Chemist: 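Mind looking over this structure? Questions follow.
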Amino acid sequence: MSRPGKKRSRATLPDKEGSAAKFTKSKTQEEEESMIPAAKERNSKPVGSGTGKTTKETCPSAQGSKQAYSHWLMKSEPESRFEKGVDVKFGIEDLKAQPNQTACWDGVRNYQARNFMRDMKVGQEAFFYHSNCKEPGIAGIIKIVKEAYPDHTQFDKKDPHYDSSSTKENPKWSMVDVQFERMTKRFIPLSELKAQHQAHRASGGPLKDMTLFTRQRLSVQPLTDEEFEFVLSLEEKPS
DNA sequence: GCCAACGTTGGC
DNA sequence: GCCAACGTTGGC
């Protein structure tokens, strides 16, 4: 999925136009596209710690303010893989090597994942998850340093994620900028998260509804505060 | 490399 | 609007 940007010649540095977070949205189309009916089954505990909040859930269709999440998990591939001739490898070490240890998270081409990126706020933290590799799992923590703005790779014909259906006037895809914060104290493998998830399904523990398992293919996903804290607590355990 | 899960597309 | 075919994700 995403190929967080490496190459940006200019986009790299945090931008220039302030927070361009939302381009004009013409109401009619735009966020909508979540087309995934189930978007809300995780009813239980959201909470946003941060701010906002409000709105309880369920607003029928239109937009609805959903619950505010404040923690995320973002997947990226740490091993080389070529897509249309371009290596999409981008592990946490690649992020650390960027100027200012910051990169734009480009290449996301799934509406639900995109919409979650549009909900991200500066300062929020996310787990950097290594996918499609020898040892999948959580490698570190990153933070959002720039809110959603148009993903330039959608307009680049040579980019593996070029989208001929998108226009500059009404860009379809967004990205955020993220900065390396730290490695987790130890690598937290998927196998361990899965074992916890399974145990919690039986016991009602904090990972019982973790999106990593309930929507396995989603590359950008929210975590409740409780999920985030629990995963962090695993750092302290001897593996 | 296999293949299950699941999102997207397009015919009707 | 339904749904089968198809394509992609990503663990194993």
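Below, read A as the first sequence line, B as the second, and so on, with proteins coming before strands; counting in each chain starts at 1. Computed from a predicted model, the values in this text were never measured in an experiment.
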Chemist: From CD of A/Glu77 over to P of C/dT9, roughly how many Å is that when rounded to an integer?
Modeler: 8 Å

Chemist: Could you check A/His161 against A/Glu83 for side chain to side chain donor-acceptor pair (under 3.5 Å), going step by step and ending with a plain yes or no?
Modeler: CA-CA 9 Å; A/His161 303 112; A/Glu83 222 175 293; 3.2 Å; yes

Chemist: Between C/dT9 atom C1' and A/Arg215 atom CZ, what is the distance in whole Å?
Modeler: 16 Å

Chemist: Give a yes/no answer on whether the side chain of A/Lys194 brings an N or O atom under 4.0 Å of OP1 or OP2 in C/dC12.
Modeler: yes

Chemist: Any protein N or O atoms within reach of nucleotides 2-5 of chain C? Criterion: under 3.5 Å, listing atom names and distances.
Modeler:
none

Chemist: Show me the pairs that pass ring-ring contact (aromatic ring centres under 6.0 Å, His included) and involve residues 183-212 of chain A, at least two apart or across chains.
Modeler: A/His197-A/Phe213, A/His200-A/Phe230

Chemist: Can A/Val231 and A/Leu207 be said to form a side chain to side chain contact (heavy atoms under 4.5 Å, CB included), step by step?
Modeler: CA-CA 8 Å; A/Val231 172; A/Leu207 299 194; 4.1 Å; yes

Chemist: For A/Glu79 and C/dG11, give me the distance from atom CD to atom C1', rounded to whole Å.
Modeler: 12 Å

Chemist: Over how many whole Å does the gap from A/Met74 atom CE to C/dT9 atom P extend?
Modeler: 16 Å

Chemist: Per the side chain to side chain donor-acceptor pair (under 3.5 Å) rule, which among A/Glu125, A/Gln124, A/Gln221 passes with A/Trp72?
Modeler: A/Gln124

Chemist: Using a 4.0 Å heavy-atom cut-off across all strands, classify A/Phe213 as base, sugar-phosphate, or nothing.
Modeler: nothing

Chemist: What integer distance in Å separates A/Phe116:CZ from B/dG7:C1'?
Modeler: 15 Å

Chemist: Does the side chain to side chain contact (heavy atoms under 4.5 Å, CB included) test come out yes or no for A/Tyr129 and A/Leu212, once each step is laid out?
Modeler: CA-CA 10 Å; A/Tyr129 177 89; A/Leu212 191 58; 4.0 Å; yes

Chemist: Within this structure, what is the CE-OG distance for the pair A/Met120 and A/Ser174, rounded to the nearest 0.5 Å?
Modeler: 11.0 Å

Chemist: Please give, in whole Å, the distance from C/dT9 C1' to A/His130 NE2?
Modeler: 17 Å

Chemist: For the ring pair A/Trp173 and A/Tyr111, is the centre-to-centre distance below 6.0 Å?
Modeler: yes

Chemist: Return the value, rounded to whole Å, for the distance between atom CD of A/Gln216 and atom P of C/dT8.
Modeler: 17 Å

Chemist: Give the rounded distance in Å between these two atoms: CD of A/Glu192 and C1' of C/dG11.
Modeler: 17 Å

Chemist: Quick one: on DNA chain B, does A/Arg109 or A/Asn132 contact a more 5' nucleotide (nearest heavy atom)?
Modeler: A/Asn132

Chemist: Less than 4.0 angstrom between a side-chain N/O of A/Tyr129 and OP1 or OP2 of C/dT9, yes or no?
Modeler: no

